[in-house]
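Chain A is the first sequence line, chain B the second, and so forth, proteins listed ahead of strands; every chain is numbered from 1.
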Amino acid sequence: MINKIENMRHTASHVLAQAVLRLFPDVKLGIGPVIQDGFYYDFLFGREFSEDDFLKIEEEMHRIVKDDYKLEKFTLSREKALEELEGQPFKQELVMDIPESEEISFYKQGEFTDLCEGKPSHVASTSQIGKFKILSTSGAYWKGNENNVMLQRIYATSFEKKSELKAYLDKLKEAEKRDHRRIGQKLNLFEIFSQDAGSGLVFWLPQGKKLLNSLMEWSRSMHVKDGYREIETPHIVHTNLWEKSGHLANFKDFMFICPDDEGDSGVGIKPMNCPGHMLVYSRKRRSYKELPVKLMEFGTVYRNEKAGTMHGLFRVRGFTQDDAHIFCTFDQLENQIIEVLNFAESIFSKFGFKWKLFFKGRPDKSIGSDAAWEKAESSLKAAISKAGIDAEYIPGDGAFYGPKLDFEIEDALGRHWQCTTVQIDFNLPDRFNLSYVNSNDEEEVPVLIHRAIFGSMERFIGILIEHYAGNFPFWLSPTQAIIVPISEKHFDYGREFLNDLKSAGIRAKLDDRNEKVGKKIRDAELNKVPYMFVVGDREMNSSSVSVRHRDDGDRGSVSKNELIEELKKEGNVN
RNA sequence: GCCAGCGUAGCUCAGUGGUAGAGCUGCGGUUUUGUAAACCGUAGGUCGGGGGUUCGAAUCCCUCCGCUGGCUCCA
């Protein structure tokens, strides 16, 4: 079934090209592949495509569907192919890229013929492309190379049934509603003063900072339980250190570097925490008895990302990583990986994320001995199977300095995010001459594991905002409860209860504005506050409060003491 | 960085060459309220910055800044 939809979309991309070519005979065709949720086609066009063009193109596509052209495959020699593609320079370039040994195939439907490998294959005729819709356009470099000419890309999608198309479009709308930038604005969580302070730099507002703190405090307690020791390293260090770590050589364009008074070497703002952690490890002679050494830091790093790539909390220039480095012996590697896997699982299960593990092996260009790679990869494999986790093995996708494990989590809308990465590193211990003394009084080089679970706290909060649509669970909610007095008469009673809640460690507020109950409830709901406690005469007389919950409305009245005990339990994150 | 669209009050937006608008928010007052919006009044903008065209520019042109969607999931 999955193939079928790909076939439909592949043919639909041909139909799109056919329609565009009918309407605008001068366009030059690029490529038109099937992608994750649809397909696209690239065109060289004198101007951009407008919404009006979309309608015309869709209309023309419908005509092509109605005429139900059969798709016919044929092959040509290179010379004949180039002739066939007269006037289509990009297609001709593609023909020249095809190796001698492979056949050059075309698909023809009506008057339209396209160079096409036939992967995925096509449906039999143009009436079978399902229900489609043009979604958007964008600029896209020919062959993705920014030195090449920019083409106009049309994104579209198709589904077998109209209801499926509608469900997909609804999902896009829902995602838009949940956009963390929009919710962040409404809930006063964060601000990015692009114009005044620079893009990609996050200002956490009081409400957002509470959220960040709750997440960090929980994460910190989880790390401490798991044997990590928290450290903090400076935000800027001499460029010498970045030379030593190799970051300057590989990462210079992404680093913020500034001169200092002590000479011409200058200082670099840290784009990564690793070198600092290497120094901390190396400050004294280490015994095998103290391994593994697990150093953890909420390390704030800055990277000079390209101007056009910033996006809310997802892609920023400054962010805080929940970063840790584990220094261990080769014999400990497997167990350490198992611990990290279990740790990540305990973190993600808290949020109800499903997740998938990818195991990325040795790339073509790599450092480290064959023996080390083999040992590392086999340890990872053993760890994965012992932890009872399924992992997809992707050879060649690891870092040049060692194999890695990447987690992909799936949110409430079924979207995928990569947060966690676990990497084994043969490079840095070497560069920093790290060692420990083994039981035979010999120096050995420790194995280094880099790992971050959330990755970037900023980005993870962005994901959480969209995952929960702003309806954070109680323990994360910036404001956990609002007390709603019916009238001024009940303010004192409300204040008293507010103090009780605060003493119990609950983040509560009192709404003592001169407004009606309905208005106060509405505002609390819009602010996604989990609990609203209504207090009036009835409650005052019975030493109780009336409980309303964000998710299910009125829950009736409860005694104050009982309620506080329940809230304490609910807020207890451990 | 590149392509396209966009930038009007704290927020959401209307205004396409002729005196800058609405709702919400804010502030002042009336009301004393029972589970998603009480009422009246009032304040608030060098229309992103700069330059140009014009008798006249939020509106047209140039430029800078920023935002948004994208920029190989390869015939």
Side-chain angles (χ1 to χ4, degrees), chain A residues 6 10 13-14 17 29-42 44-45 47-51 81 85 88 90-98 102-107 114-120 135-155 176 179 181-182 185-186 188 191-200 253 305-312 482 484-491 513-527 532-539 546-550 553-557:
Chain A
E6 288 187 351
H10 187 192
S13 91
H14 283 222
L29 303 179
I31 58 168
V34 173
I35 54 175
Q36 184 73 55
D37 291 314
F39 57 92
Y40 67 78
Y41 214 108
D42 287 344
L44 182 67
F45 191 37
R47 57 179 179 86
E48 74 285 359
F49 292 101
S50 67
E51 299 273 326
L85 295 166
Q88 290 295 345
F90 301 111
K91 293 290 185 188
Q92 289 177 329
E93 190 181 329
L94 291 172
V95 167
M96 297 311 290
D97 291 342
I98 296 172
E102 287 177 29
E103 68 170 19
I104 299 173
S105 60
F106 289 82
Y107 278 80
D114 200 359
L115 176 71
C116 179
E117 191 181 20
K119 283 182 194 167
L135 299 172
S136 61
T137 59
S138 82
Y141 298 109
W142 169 238
K143 289 184 173 173
N145 183 335
E146 63 187 15
N147 297 317
N148 287 342
V149 65
M150 183 159 268
L151 309 178
Q152 294 293 322
R153 174 168 299 176
I154 295 182
Y155 285 94
E176 206 181 313
D179 191 313
R181 291 164 302 183
R182 186 188 288 236
Q185 166 73 254
K186 280 192 185 143
N188 299 304
E191 188 73 66
I192 296 171
F193 297 96
S194 307
Q195 192 90 240
D196 295 320
S199 57
D253 291 344
E305 301 286 352
K306 282 195 198 172
T309 56
M310 254 62 76
H311 179 97
I482 283 191
V484 178
I486 303 264
S487 80
E488 229 168 312
K489 283 187 294 184
H490 314 109
F491 281 9
R513 293 176 304 166
N514 179 9
E515 294 288 352
K516 298 182 84 167
V517 178
K519 170 70 171 166
K520 294 181 184 181
I521 296 285
R522 178 181 155 81
D523 287 346
E525 291 276 357
L526 290 175
N527 283 312
M532 287 145 277
F533 301 131
V534 179
V535 294
D537 288 340
R538 292 205 295 267
E539 289 74 17
S546 191
V547 178
R548 181 191 164 100
H549 194 272
R550 178 183 64 194
D554 199 344
R555 285 184 181 177
S557 67

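Salt-bridge annotation for A:E515 and A:R522: absent, with no side-chain N of the basic residue lying under 4.0 Å from a carboxylate O of the acidic one.
A:L151 comes within contact range of no nucleotide atom at all, as no heavy-atom separation falls under 4.0 Å. Base contact: A:G536 has a heavy atom under 4.0 Å from a base atom. Across all strands shown, A:T137 has no heavy atoms under 4.0 Å from either base or sugar-phosphate atoms. A:R153 comes within 4.0 angstrom of sugar-phosphate atoms only, judged by non-hydrogen atoms across all strands, and of no base. Here A:I31 lies in heavy-atom contact (under 4.0 Å) with sugar-phosphate atoms only. Across all strands shown, A:V34 has heavy atoms under 4.0 Å from sugar-phosphate atoms exclusively, and none from any base. As judged by a 4.0 angstrom heavy-atom cut-off over every strand, A:V517 is placed among residues touching the sugar-phosphate backbone only. The residue A:S194 sits close only to the backbone: its heavy atoms come under 4.0 Å of sugar-phosphate atoms, none of a base. Using a 4.0 Å heavy-atom cutoff across all strands shown, A:M532 reaches no nucleic acid atom at all. At a threshold of 4.0 angstrom between heavy atoms, the contacts of A:Q92 with the nucleic acid are absent. At a threshold of 4.0 angstrom between heavy atoms, the contacts of A:E539 include nucleobase atoms, whether or not backbone atoms are also involved. Residue A:N145 is out of contact with every strand shown, counting any heavy-atom pair closer than 4.0 Å. Across all strands, A:R182 comes closer than 4.0 Å to no nucleic acid atom at all (heavy-atom distances). Counting non-hydrogen atoms under 4.0 angstrom, A:Y155 reaches the backbone sugars and phosphates but no base.
Mapping A:H490 and A:M150 onto RNA chain B by nearest heavy atom places A:M150 at the nucleotide closer to the 5' end. Mapping A:R550 and A:F49 onto RNA chain B by nearest heavy atom places A:F49 at the nucleotide closer to the 5' end.
Of all heavy-atom pairs spanning A:L85 and A:Q92, the tightest one is O-NE2, 3.4 Å. Taking each heavy atom of A:V34 and A:E6 in turn, the nearest pair found is CG2-O, 3.6 Å. When all heavy atoms are compared, the tightest approach of A:I192 to A:G312 is CD1-O, 3.5 Å.
Between A:H14 and A:H10, the ring planes lie perpendicular to each other; the angle is over 60°, past the 30° to 60° tilted range.
Taking atom C1' in both B:rC62 and B:rC73, the straight-line distance is 40 Å, to the nearest Å. As rounded to the nearest Å, B:rA57 and B:rG52 have C1' atoms that lie 11 Å from one another. The separation of B:rG28 from B:rA43, taken at their C1' atoms, amounts to 10 Å, rounded to a whole angstrom. Between B:rC6 and B:rU42, the two C1' atoms lie 33 Å apart (nearest whole Å). B:rA20 sits 15 Å from B:rG56 when the C1' atoms are compared, rounded to a whole Å. Between the C1' atoms of B:rA14 and B:rG21, the separation comes to 7 Å (whole Å). Comparing the C1' positions of B:rC2 and B:rG26 gives a spacing of 42 Å, expressed to the nearest Å. Between B:rU8 and B:rU46, the two C1' atoms lie 12 Å apart (nearest whole Å).
Using Watson-Crick or G-U wobble geometry with both donor-acceptor distances under 3.5 Å, B:rC71 finds its partner in B:rG1. Pairing partner, B:rU54: none, since no Watson-Crick or wobble contact has both distances short of 3.5 Å. B:rG7 and B:rC65 make up a base pair, with Watson-Crick or G-U wobble contacts both under 3.5 Å. In this structure, B:rA20 makes no Watson-Crick or G-U wobble pair, since no nucleotide meets both defining distances under 3.5 angstrom. The partner of B:rG41, taking Watson-Crick or G-U wobble pairs whose two distances both stay under 3.5 Å, is B:rC27.
First and last contacting nucleotides of RNA chain B toward chain A (any atom under 4.0 angstrom from a heavy atom, 5' to 3' order): B:rG1 to B:rA75.
No side-chain donor-acceptor contact under 3.5 Å links A:Q152 to the backbone of A:F45.
Side-chain contact check for A:D42 and A:Y141: no donor-acceptor pair (N or O, by modelled atom type) lies under 3.5 Å. No side-chain N or O of A:H549 forms a donor-acceptor pair with one of A:D554 less than 3.5 Å apart.
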TODO: Apply the test salt bridge (charged side-chain N to carboxylate O under 4.0 Å, His left out) to residues A:K306 and A:D253: give CA-CA distance (whole Å), side-chain angles for both, the deciding distance (0.1 Å), then the verdict.
DONE: CA-CA 10 Å; A:K306 282 195 198 172; A:D253 291 344; over 6 Å; no
